[in-house]
Structures are given as structure tokens and as C-alpha cells.
S.K.: 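Pasting a structure below so you can have a look.
We use all heavy atoms of the structure for the numbers below, so side chains are in, but hydrogens, waters and symmetry mates are not. Proteins get letters first, then strands, A, B, ... in listed order; numbering begins at 1 in each.
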Number of protein chains: 2
Amino acid sequence: MSKCEQCIVREFSALKALNKDELVKLADCKTSYTVKKGDVIFDEGDNLDGIFCIKDGVCKLTKLSSNGKDQIVKLVTKGELLGQRSLISEEPTNLGAVALEDMHVCFIPKSQVMEFFNVNNKFSLNMMKNVCHDLKEADNVLVNLAQKSVKERLAATLLYLHDAFGVNEDDSLKIQLSRDEISSIIGTATESCIRLLSDFNKSGWIELSGKKIILKDKAALRKLAE
Amino acid sequence: MSKCEQCIVREFSALKALNKDELVKLADCKTSYTVKKGDVIFDEGDNLDGIFCIKDGVCKLTKLSSNGKDQIVKLVTKGELLGQRSLISEEPTNLGAVALEDMHVCFIPKSQVMEFFNVNNKFSLNMMKNVCHDLKEADNVLVNLAQKSVKERLAATLLYLHDAFGVNEDDSLKIQLSRDEISSIIGTATESCIRLLSDFNKSGWIELSGKKIILKDKAALRKLAE
DNA sequence: ACTAAAGGATGACAAATATCATATTTTAAA
DNA sequence: TTTAAAATATGATATTTGTCATCCTTTAGT
């Protein structure tokens, strides 16, 4: 069982408020495991009995719409916690979580989270701030989906992927999404997304080679995304 | 200065967790006032020095998109609190609030909220649950905006207005929104919204008379909205 | 290495939605 | 009350986006 005290990732989440004793307790009760790319961490509607701390990797939070299509609501990465809302609300999850890469995650049982909650005010405040941040982001995404064109949303999404997940040595986006997944972020048909990527490519704003995407003209994309 | 102890509205928000002493304190520091229809309660980006408790009336929370159009993110009514997220995040507001009807609101200064926060665990938990509920709702709206057609969103919105705000004696929706405001909820051009309302009218699903809207065939609307 | 399946690309076309113009009705202000 | 402004309504048209068909490319499994 690895020690949470030495886990750098903890510094990026609400868990940073925990003291030494609490970290020992945490290490004691957590379950650490790996998740393969494509694996389901939890399904929409699952009853979670704790939260997940992402040690490494990225996953998508999705919701199935009544039209049969999945919408990606949020990408969650290293250092973030999963399932907080469900835990606080004492409700089943509203979104499902699927790994986009191989991941390392730790599961922290509800009882332990609740204990920290009650004894460590800083921890609960941090967690609350996380949820508040998520709410702000969700509102912003909502406005973009309602008011911007697919083209604008694609440009904005490419820039977001660039800024949030960085690039490889060859400048290609580090995070690898299928065309279908990109469509599922911007809320459009896969073919429309592919077509627009082609257009962006022809305009010289991006460069496509296989699954790799390189942003060649971020200024142009930024102008489009506003 | 009216007593918060006797205010029924309190029962519907996080404030229900306050005890008698705390309610006296609250009554002591709050400012109660009226807001006229169309008045701005706060603007997007304002620094709030407290939260608002809605005693009566309905307001819209909006965000201005870069295309110059306002998006209505949420309608907030009697019993709900405004500005919680901003207060917890210690950030300017992400959304503006405008009265849709004449309102009675109370302003509770930040210092007092923070004190309750620190001494009353139930209160902070309630507030946290509110934010979590807002997040869940925002995610759901987001998915609908991304995946459903304008027609479906209009049907869903009419049903929502019916269920959330009720009807008058003549069965017309109690809450009166302009066509422009309805468009701003569903995220479409005003003309498209007007046209679809006409279509719904011709189909016999709704009845329009001036600004009044009567839902004649909720089953049909529900089927459309899914 | 071979093969099936999945993902990606593109054309043709249809449907949904936005935009612009204009008329009518309602509302609010002088 | 009169009048100007705003809101509502509708047609004509352009643009955006989705759907369906087909082909090509990559990936994964045997």
C-alpha cells in the first residue's frame, strides 16, 4: 500500500488540506488500482460508495441523451477528484466516467471522506470550491453550446485541449481523442466534425496526420472561437 | 426590520438549518428590499459582498455570449439563494441576475454567511447540496442544448415552465416571458422560436393569446421533448 | 500476414435553423 | 390620446448542420 503522504497528485485537489495523521488514515483505507483505456470507471446512475482520486491519466464524463448519443460533459485529469457531487448530494451519479488513457486511480471510501468532512474544515471548503468551479465551467460550456456555431465550438475545443493537456515533442496535441469523441464534446454529428477538421486543415490552421492534430495557427483559431 | 423567524421562505433554502439565535442575528444584519420587473439585481462580473434570499418573485440568471446575445442559464424563484457560488469561490459573479417580475429580496452580508458557515455544519452542508444540485441541473441542460433540436428544447422548456411555476386560473403559464426570453433559454433565434410557437399552436399542442401561453396537449409536448 | 471491424473521409442531398425584410400588434412614453 | 418604440408575426432566402451512402485507411485479433 503506497503512502498518500508522498503522492504529489494530492496537492492538486481538496486532499491538500489533510494533515499527516489524516494522510496516514487515507493511505490505510484507500484502494489503488489501474484502469485501462476504454474501461468504465463508473456508469451514469451508479451508486458510488466513495470518490476517486486520479493519480494519472485522463477520463471523460459523459451522459447519454435520449437521442441515443453520448455527450461528453467534462474531461477530468490527474489531480482531480471524481464523484464528489454524487457523494455530497447522496444521489446516484449523473454522469458516467470512462478512461481515455490508461489510468491510475485511488478509491476513497465514503465513510472516510465524510469523516474528513466533519473534522477538517479546510478540506470541506476545498471540496466545495471544486464543485463551485465545476458549476461555473458547466455554465460557461452551456452558454457556448447554446450560442456558438459548431465551427466556433470546434476551434474553442482544440484550443482547450491544447491548453489543458499540452503537446508532444512534435507539437501534436497530447490527448488523443477519436473524431467521434471530439464530436461528442462539441455536440455535433461525427461527419460534420470530420468535415470541419478537414476545412481547418485546408485553411492551414491545423495539421492532421492520422490521429495527430497540430495547431498551426492558434491566433486564427482563437479569433474564430472568440 | 422584519423577523426572519417568521419568514416561511427560509424553509426552502439552506437557511432552514439556522436556529433561533442565528435567525435573530440574521434578521439583524439583513437588508430587505423590493426589485422592480426588469431591474438588475447584479451584473455578470460584479463583486458581491453577500448573498440574496428571494422572498418573492422570479429572476433570470444570464450570461452575455461573445456573439452579443444573452443566454438564460437558470430561472431562480422564491425560496432560493443567489450568489452562493460567487461567495464560496471568492470570485466575481459568472452570471447576471435580472428580475422577471416584481420581487422581494433580502441581502445577507458575506460576514454573516461566513459565520454561519463556520459554526453551523448543517447550514454549510445544505449550501453545498444546493450548489451540487445546480451543477447537476447545469450538466443536464448542457446535454440537452448539445443533443436536442430547437423544437425539442422548446417543448421541454414549456413543460418546465408549467411544472416549475404553475398556471393561472385560465390554465395559462403563470410566468410571463417574452419570445426573446424563451429564445434565450433554448438558445435560438427569436424568429425561430416565434415560428415554432406558431407551429405548436397550429398543431393544437398549445394555445397563444397575446403573451399568454396555455399548454393544451402536454402529452404531445412530453413526447416531443422526450 | 491476413482479415474483419472500426475509424476516418468525402460527396450528395435533406432538414433545421438563421438572417433579412417587412407587416402587424402591443406597449409605453410624451 | 397620440405617437414612437418595442414586441410579435410571417415570408423569402441563405447558411448551417445532419443524414445516408460509399470508399479509403488504420487497427486489432486470429
S.K.: Below 4.0 angstrom from OP1 or OP2 of D/dG18, is there any side-chain N or O of A/Lys69?
M.R.: no
S.K.: Roughly how many Å is it from CZ in A/Arg179 to P in C/dG7, rounded to a whole number?
M.R.: 12 Å
S.K.: How long is the line joining CG of B/Asn67 and P of C/dA18, in whole Å?
M.R.: 11 Å
S.K.: Can you see which heavy atom on A/Leu135 is nearest to which on B/Val131, and at what distance?
M.R.: CD2-CG1, 4.0 Å
S.K.: What is the distance from CD of B/Glu191 to C1' of D/dT16, rounded to the nearest Å?
M.R.: 16 Å
S.K.: Round to a whole Å and report the spacing from CZ of B/Arg153 to P of D/dT17.
M.R.: 12 Å
S.K.: What's the CG-P distance between B/Leu208 and C/dT25, to the nearest Å?
M.R.: 15 Å
S.K.: Starting at the 5' end of DNA chain C, which residue's closest nucleotide do you reach first, A/Ser198 or A/Ala146?
M.R.: A/Ser198
S.K.: Can you tell me if the side-chain N/O atoms of A/Lys211 get under 4.0 Å from OP1 or OP2 in C/dG8?
M.R.: yes
S.K.: In Å, rounded to the nearest 0.5 Å, how long is the span from CD of B/Gln112 to CG of B/Leu26?
M.R.: 6.5 Å
S.K.: So, B/Thr190 and B/Asp180: side-chain donor and acceptor under 3.5 Å apart, yes or no?
M.R.: yes
S.K.: So how far is it from B/Lys3 NZ to B/Lys30 NZ, rounded to the nearest 0.5 Å?
M.R.: 11.0 Å
S.K.: Does C/dA18 have OP1 or OP2 under 4.0 Å away from a side-chain N or O of A/Lys148?
M.R.: no
S.K.: Examine the base of D/dG11 for any acceptor or donor lying under 3.5 Å from a partner atom in the side chain of B/Arg195, and report the outcome as yes or no.
M.R.: yes
S.K.: In whole angstrom, what separates A/Glu152's CD from D/dT17's C1'?
M.R.: 14 Å
S.K.: Roughly how far apart are B/Phe200 CZ and B/Leu224 CG, rounded to 0.5 Å?
M.R.: 5.0 Å
S.K.: Given D/dT17, C/dA9, C/dA18, identify the nucleotide with an atom nearest to the side chain of A/Ser192.
M.R.: D/dT17
S.K.: Could you tell me whether the side chains of A/Lys63 and A/Asn94 share a donor-acceptor contact shorter than 3.5 Å?
M.R.: yes
S.K.: Let me know, please, whether A/Gly210 or A/Cys193 comes out on the 5' side of the other along DNA chain D by nearest nucleotide.
M.R.: A/Cys193
S.K.: Does A/Thr188 place a side-chain N or O at less than 4.0 Å from the phosphate oxygens OP1/OP2 of D/dG18?
M.R.: yes
S.K.: Defining pairs by Watson-Crick or G-U wobble geometry with both distances under 3.5 Å, how would you list the stems of DNA chain D with at least three pairs each?
M.R.: C:1-30 with D:1-30
S.K.: Salt-bridged, A/Glu207 to A/Lys212, with N to O below 4.0 Å?
M.R.: no
S.K.: Nearest whole angstrom, please: distance from the C1' of D/dT8 to the CG of B/Asn201.
M.R.: 13 Å
S.K.: Hey, is the side chain of A/Ser178 poking within less than 4.0 Å of OP1 or OP2 on C/dG7, counting only N and O atoms?
M.R.: no
S.K.: For A/Ile186 and D/dT17, give me the distance from atom CD1 to atom P, rounded to whole Å.
M.R.: 9 Å
